[in-house]
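Comments concern the structure below.
Lettering follows sequence order; numbering is per chain, from 1. Everything numeric here is computed off the predicted structure, so don't read it as measured data.
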Number of protein chains: 2
Amino acid sequence: MILQFLRLFLIWNEIFDIFVMNFNFYKNMLKAERHKYIMTKLIEDQKVVTTDLALALDLSEDTIRRDLNELDSKKLLEKVYGGAVQVKEKSSNVFDIAIAAEEQKKQIVTKALSLLHDDQVIIMSGGSTNLVFAKLIPADLKATIYTYSLPIAMQLSQHPNIDLIFIGGKMQKNAMVTIGMDVIQVVSKIKADICFIGASSISVKQGLTEVGYEISIVKKAMIEASDRVVSMFSSDKLNTKMPHSVCDLKQLDTIVTELDPEDERLDEYRKSGVFIL
Amino acid sequence: MILQFLRLFLIWNEIFDIFVMNFNFYKNMLKAERHKYIMTKLIEDQKVVTTDLALALDLSEDTIRRDLNELDSKKLLEKVYGGAVQVKEKSSNVFDIAIAAEEQKKQIVTKALSLLHDDQVIIMSGGSTNLVFAKLIPADLKATIYTYSLPIAMQLSQHPNIDLIFIGGKMQKNAMVTIGMDVIQVVSKIKADICFIGASSISVKQGLTEVGYEISIVKKAMIEASDRVVSMFSSDKLNTKMPHSVCDLKQLDTIVTELDPEDERLDEYRKSGVFIL
DNA sequence: TTAATTATTGCATATAAATGCATTTTTGCG
DNA sequence: CGCAAAAATGCATTTATATGCAATAATTAA
C-alpha cells in the first residue's frame with residue numbers, strides 16, 4: 001500500500017519535473033543564451049516562428065521579435081513576416097566567371113574565327129580571351145580541340161561538333177588550368193594544326209613571357225606541338241615582360257589584338273615577320 | 001480497463017497527429033518558405049501551375065498569384081497565364097549548373113562528410129550529388145582529390161586546402177566527364193583511401209549499374225583503386241537497374257541516402273552487408 | 001549597502017501585412 | 001464572337017509588427 005503510494009508519488013514528481021522544465025527551463029535565460037537557442041533552432045528547422053519561440057522560451061512575442069530584429073541586423077538571420085529564415089548564402093557561384101572587358105575581347109577573337117576550319121586539330125591554352133574565343137566558335141565547326149583549361153572545357157563541352165580532349169594533371173587553382181609533367185607529356189605527343197595561346201606579356205625583344213614557370217613550359221610544349229601558333233591579347237599587353245620566357249616573336253605565326261593591323265603600335269612586331277590580324 | 005482505455009487514447013492521438021500533419025503540414029508556412037518551395041518546384045518541374053500550388057499549399061489561388069507576381073518582379077521566375085516558368089537565362093550560361101532537388105542532396109551528402117579526414121586520397125566520380133558534396137567539403141580539410149568531372153573540378157578548384165588532380169581524356173559532353181582508356185589508365189594507378197561514386201541505379205541483385213558502358217568501366221577502375229567505396233544517391237535510385245554492370249553490392253562499403261539507416265526500404269541492402277549511413 | 005542609471009521586458013495601441021472572398025476585367029481558344 | 005478559365009481589383013478580416021510607456025531586473029557609482 002505504502003509502496004504503491006510511493007510509486008505514484010515518484011511518477012507524479014517526474015511529471016511535475018517535466019512540466020516545470022518545459023515551462024520554466026528557459027525562464028532565467030540570458031539574452032545571449034536565448035539568441036544562441038534561436039540560432040540553433042534556426043539551423044535545425046531551417047526557420048523559426050515568432051509565436052513558437054515565445055511559447056518555448058516563455059516570453060512575449062515582442063521580446064522574440066526584438067531578438068529577431070537584433071539578429072537580423074547582425075546578418076545572422078533574415079527576419080520575415082511571422083518569424084525568420086536562414087540567410088541565403090550569397091551564392092558565390094564558382095561557375096560565374098567574370099570576364100573583364102568582355103566586349104573588347106569579343107572584338108579581338110572574332111577576327112581569329114577566320115583561322116578555324118573543319119577537321120583541324122587545335123590546342124587552346126587558358127585565359128579569359130581564349131574563353132571568349134571558345135564561346136564564339138561557330139556551332140557547325142567540326143574539329144578536335146585539346147585544352148587544359150577547366151572553364152574552356154566547360155564552354156566547349158556545350159559545342160555540338162567539337163571533339164574535346166581535356167589534358168589532365170594537377171590543377172593550378174586560381175587559373176583553373178592543369179600544369180606539370182603530366183600535361184607536358186600529353187601535349188608533346190599531340191600533332192596539332194593550330195594552337196591558340198593566351199599572353200600575359202609580349203615584347204619585341206623578349207617575345208612571349210609568363211608570370212609562372214610551370215605555365216611557361218606548358219606553353220612551350222604547345223608551340224612545339226603545333227604547325228601554326230596564334231596568340232590573342234589586348235594591346236595593353238604589348239611591350240611588357242614577365243620572368244619566364246615562352247618563345248621568341250619569330251615562333252609566333254599570328255598575333256591578334258583589338259588594334260587595326262596597320263596601327264603604328266604594331267610596327268615593330270610587323271617588321272619581325274609575325275602576321276597581324 | 002483503464003490501461004486499455006489509455007492505450008486506445010494514445011493510438012487515437014497518434015492517428016490524429018498524422019492526420020493533422022498531412023493536412024496542415026504547409027499550413028503554417030512562412031511566406032519565405034513558400035517562395036522557396038515554389039522555386040524548388042519550379043526547378044524540378046520546369047514550371048508551376050497556379051491551381052496545383054494552391055492545392056498543394058492549401059491556400060487560395062489569389063495568394064499564389066501574388067507570390068508569383070512577387071517572384072516575377074524579383075526576376076526569379078516568369079509569370080505566364082496559368083502559372084509560371086523558369087526565367088530564360090540570358091546567355092545560356094554553360095557555367096550555371098542546375099541541380100535538381102538540391103536540398104535533398106545536401107541532406108544526403110552532409111551525412112557523408114564524416115567519412116572525410118585530413119590527408120586522405122580521394123577519388124570522386126561525376127554526378128550532381130557528388131557536386132553538392134564537393135560544395136560542402138569543409139574549408140579546412142586537407143586532402144588530395146582525383147576527379148574526372150569538370151563541374152566537380154571547378155567547384156574544388158575554389159577549395160583552399162585540396163590538392164586537386166584532374167584525370168584527363170576525351171570529354172563525354174553531356175555529362176561533362178572524361179572517359180576512355182586514358183582515364184582508366186590514370187585511375188588504375190591511383191592508390192586511394194576512399195572513393196565516392198554516383199549511382200544511376202542500384203539493386204540488391206544487380207548491384208550498381210550504369211546507362212553508359214564507358215562510364216561503367218571507369219567506375220570499375222575507381223573501385224579497384226580504392227580501399228573504401230562509398231556511393232551516395234537518393235532513394236528513388238533503389239531497386240532500379242541499367243544495362244551496364246559496375247559492381248556487386250558486396251563491393252560497396254557504404255551507401256548513403258536521405259533515408260534513415262533503419263528504414264525498411266534498405267533492409268535488403270543492410271542484410272547484404274553494406275554499411276548504411 | 002544604497003541610490004541612481006541603464007537595460008530588459010510586457011502590455012496597450014496604432015499601423016502594416018497577409019490572406020481570402022466577391023466582383024470585374026482580361027485572356028486564350030474554339 | 002462567345003465562353004470558360006485566369007487574373008486583377010477592392011474590401012473585410014485576421015494576424016504580425018512597431019512604438020510608447022510602465023514595471024521590473026541588472027549594473028554601476030557613491
Side-chain angles (χ1 to χ4, degrees), chain A residues 19-88, chain B residues 19-88:
Chain A
F19 176 84
V20 168
M21 257 185 71
N22 278 341
F23 282 81
N24 289 329
F25 184 72
Y26 301 116
K27 187 70 186 182
N28 291 352
M29 225 179 196
L30 299 176
K31 197 168 72 162
E33 291 182 90
R34 222 168 50 226
H35 286 186
K36 201 172 167 184
Y37 174 87
I38 291 172
M39 291 310 297
T40 309
K41 191 93 182 132
L42 182 65
I43 289 165
E44 277 175 9
D45 302 349
Q46 257 83 51
K47 65 159 183 179
V48 288
V49 176
T50 311
T51 52
D52 293 354
L53 285 173
L55 206 67
L57 300 173
D58 191 23
L59 287 167
S60 75
E61 297 186 14
D62 302 66
T63 304
I64 301 299
R65 263 191 285 277
R66 278 184 268 246
D67 284 345
L68 295 181
N69 278 329
E70 210 173 314
L71 291 168
D72 180 284
S73 66
K74 283 182 194 167
K75 303 280 173 72
L76 294 173
L77 49 72
E78 188 188 350
K79 193 171 180 310
V80 296
Y81 193 86
V85 295
Q86 288 174 300
V87 281
K88 42 195 166 207
Chain B
F19 175 84
V20 167
M21 258 184 70
N22 278 339
F23 282 80
N24 290 331
F25 187 71
Y26 300 118
K27 189 70 186 180
N28 290 359
M29 225 179 195
L30 301 175
K31 196 169 72 163
E33 289 183 277
R34 223 168 47 225
H35 287 185
K36 200 172 164 185
Y37 175 88
I38 292 172
M39 291 310 297
T40 308
K41 193 91 184 135
L42 183 64
I43 289 167
E44 278 176 6
D45 302 349
Q46 259 82 49
K47 63 162 185 180
V48 288
V49 177
T50 310
T51 52
D52 293 354
L53 285 173
L55 205 67
L57 299 173
D58 191 23
L59 287 168
S60 75
E61 296 186 16
D62 302 66
T63 303
I64 301 299
R65 264 192 283 275
R66 278 185 270 244
D67 283 345
L68 295 181
N69 279 330
E70 209 174 314
L71 292 168
D72 181 284
S73 68
K74 282 183 194 166
K75 303 281 173 70
L76 294 172
L77 49 72
E78 190 187 347
K79 194 170 178 312
V80 295
Y81 193 83
V85 295
Q86 287 174 298
V87 282
K88 43 195 171 204

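- Between the CD atom of B/E78 and the C1' atom of D/dA7 there is a distance of 16 Å, rounded to whole Å.
- Between D/dT17 and A/T50, a contact under 4.0 Å exists linking OP1 or OP2 to a side-chain N or O.
- Summarising the geometry, atom CG belonging to B/N69 is positioned 5.0 Å from atom NZ belonging to B/K79; distances are rounded to the nearest 0.5 Å.
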- Task: Show your working on side-chain contact (heavy atoms from CB on, under 4.5 Å) between B/K41 and B/D52 and close with a plain yes or no.
- Result: CA-CA 11 Å; B/K41 193 91 184 135; B/D52 293 354; over 6 Å; no
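- An OP1 or OP2 oxygen of C/dT19 is reached within less than 4.0 angstrom by no side-chain nitrogen or oxygen of B/S60.
- Atom CG in A/L71 sits 4.5 Å away from atom NE2 in A/H35 (nearest 0.5 Å).
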- Do A/D67 and A/L53 pass the side-chain contact (heavy atoms from CB on, under 4.5 Å) test, and can you show the C-alpha distance, the side-chain angles, and the key distance before you say yes or no? CA-CA 11 Å; A/D67 284 345; A/L53 285 173; over 6 Å; no
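- Phosphate contact (OP1/OP2 of C/dT9, side-chain N/O of A/T63, threshold under 4.0 Å): absent.
- Note: CD (A/E61) to P (C/dA12) measures 14 Å, nearest angstrom.
- The interatomic distance linking B/D62 (CG) with D/dA7 (C1') rounds to 9 Å, in whole Å.
- Distance CG (B/D72) to P (D/dA7): 12 Å, rounded to an integer number of Å.
- Residue A/L57 holds its CG atom at 4.5 Å from CD1 of A/I64, rounded to the nearest 0.5 Å.
- Listed candidates were C/dT19, D/dA7, C/dG20. Nearest to the side chain of B/K79 is D/dA7.
- Distance CZ (A/R34) to C1' (C/dG10): 12 Å, rounded to an integer number of Å.
- One can place CG of B/L59 at 14 Å from P of D/dT15, the figure rounded to the nearest angstrom.
- A sub-4.0 Å separation between OP1 or OP2 of D/dA16 and a side-chain N or O of A/R66 is absent.
- Within 4.0 Å (heavy atoms only), A/V80 reaches sugar-phosphate atoms of the nucleic acid but no base atom.
- A donor and an acceptor atom never sit less than 3.5 Å apart when one is taken from the side chain of A/Y81 and the other from the base of C/dA16.
- Taking side-chain N and O atoms only, A/K31 has a distance below 4.0 Å to OP1 or OP2 of C/dT8.
- At whole-Å resolution of the value, CG in B/L68 and P in D/dA7 are 8 Å apart.
- Look at CG on A/D67: it is 10 Å from P on C/dT8, rounded to the nearest Å.
- When heavy atoms are screened at a 4.0 angstrom cut-off, B/N69 is found touching the sugar-phosphate backbone but no base atom.
- Between B/R65 and D/dT9 there is no side-chain polar atom (N or O) within less than 4.0 angstrom of OP1 or OP2.
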